[in-house]
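Step one of this worksheet: look at the structure below.
The residues of the chain are indexed from 1 along the displayed sequence. In this text the structure is predicted, and so the values were computed from the model without any measurement.
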Amino acid sequence: MAKFRGLSRLDGVGQAALVARGELTASDLLDAFAERLEALNALLRVVPAVDLERARAAKVPPGPFAGVPFMVKEVTPYPGLRWSCGSRVFAGNVAGPETRTPYIGRIDESGLVTVGKSAASEFGLLGSTETLLEGVTHNPWDLSLSAAGSSGGAAAAVAAGIVPLAHANDGVGSIRIPASVCGLFGFKPSRTRCVPASLPSEFGALVSDHCVSRTVRDSALFLSVTEDRAGPLPAVGYVREPLARSLRIATWTRTLLGEEPEPAVRRAVDDAAGLCAALGHRVEPVASPDLDGAALGDAFFIVAGAAVAGLVELVDRLRGHPVQRDELEPFSWALVDELERRGPGALPAARAAFAAGTERYLETIRGFDAVLTPTLATTPWRLGHLSPVLPREELLRRTGRTVGYTPIHNIAGCPAMSVPLHWTDEGVPIGVHFAAAPGADALLLGLAHQLEEARPWADRWAPFSYPRLFEA
């Protein structure tokens, strides 16, 4: 409708401003969202569950995002909506009122209107959103490419203009990696920065919840409403301005496994280094951290396997009969099987690997304000490359080659972000990665504002996005 023309191009702050000024209502924003979802979801497969009736009935508080449509990732419960975790074993599961976490409470209080759930890989374990429950989620920049994962549905929905921002979470890069391949801003907060989004667990300690967005200001505002103002880290508040001082930035390109990235990725990092230098920062090439990348990757999937095994045991107990092999994807079962094969020493060894990796990484970055690396070692991959039906060893090999930079920040608790500064000659986005010491979230957001101001990206739209297809 003409009334909504151009609305999909606005970020969350911009849409909320229209409601605050009385130019549109929250109901108008929902109507416009419904149009966009109807136009694109069958093509992209980003939203497996939506409840517009519930969203229309919700009382919208006068928060900073009042009226803005929003999605919560399918691995995270939202009361009254389906909660499948991307798995066939939970296909009919609906989250009850007892699942409302402080994090969801903050989202609701901000005025965001949760309209549905975004697609994710099973239990958030794989870097591509293609499940045996829902099928594949397509990348709006190229339908043959993966939107990555595990927050692939969130990233594809934002890249397509269906929603301006969406909840995502990140255990080894699941905010930053989809943001990179979908041309978005993806920020991972420091550990303990935000109010709890789930029950405490060993696997959950690696996970940071936040969002994917088109603009830095949306991400910064979202952090300000979800951060734990009584937590162990000093509050950040709403970081609105570009950084106003020079930084000392370390840079390297070798992955955790000691491999160099593809040439197109290296060009993206070199270009970002030049941009940072032009902005007055000191960019210093250094040797990559002396980390045992193979041990860290193995440790992550041991901890993930323990989380899946715990879920299987819980379901077995609650329903009185065992989870069947065809109720989980082959990769999920392979992680459980490997954990059992390793025996009781596997988890202590994983914890020791994390501790050693954290110590060495933090020592490497000591004395620097920030670190610049690729987000991924490869350009975006085709659907099927990280399919959950592939053998475990092949998936681990492919994941290790591609996801070679992001996991250490979850292990060490650092803030980190993928910034959409580069596109290939074929028009495919390549994110560039920045990280800092634990607690330095405000510094990274200030740098992000500066980079966005120097090289704006919010008006670059994917070929299969609402603005390009319906508002060109």
- Task: Apply side-chain contact (heavy atoms from CB on, under 4.5 Å) to the pair Phe70 and Val163, showing each step before the final yes or no.
- Result: CA-CA 6 Å; Phe70 188 72; Val163 288; over 6 Å; no
- Message: Using the side-chain hydrogen bond (donor to acceptor under 3.5 Å, both in side chains) criterion, which residues pair with Asn139? Sequence neighbours excluded.
- Response: none
- Would you mind reporting whether Arg193 and Pro438 have side-chain heavy atoms less than 4.5 Å apart? no
- State, without any angle test, whether Thr378 and Glu262 hold a side-chain donor-acceptor pair at a distance under 3.5 Å. no
- For the residue pair Glu122 and Thr131, confirm or rule out a side-chain donor-acceptor distance under 3.5 Å. no
- Note on the structure: To the nearest 0.5 Å, atom CG of Leu296 lies from atom CZ of Phe354 at 7.0 Å
- Query: Do you know which of Arg191, Arg176, Lys188 makes salt bridge (Lys or Arg N to Asp or Glu O under 4.0 Å) with Asp170?
  - Reply: Arg176
- Message: Measuring only between side-chain heavy atoms, which start at C-beta, is Val312 closer than 4.5 Å to Leu328?
- Response: yes
- Answer whether the closest heavy-atom distance between the side chains of Lys73 and Asn169 falls below 4.5 Å. yes
- Distance in Å, Leu383 CG paired with Ser146 OG, rounded so as to fall on 0.5 Å steps: 5.5 Å
- Task: For the pair Asp298 and Arg342, evaluate salt bridge (charged side-chain N to carboxylate O under 4.0 Å, His left out) and give the outcome as yes or no after the intermediate values.
- Result: CA-CA 11 Å; Asp298 182 72; Arg342 298 278 189 94; 2.5 Å; yes
- Task: Begin with the C-alpha distance, continue with both residues' side-chain angles, and end with the deciding distance and a verdict on salt bridge (charged side-chain N to carboxylate O under 4.0 Å, His left out) for Asp459 and Arg214.
- Result: CA-CA 9 Å; Asp459 288 332; Arg214 296 198 63 82; over 6 Å; no
- Task: Look at the rings of Phe203 and Phe300 and say which category their plane angle falls in: under 30° parallel, 30 to 60° tilted, over 60° perpendicular.
- Result: tilted
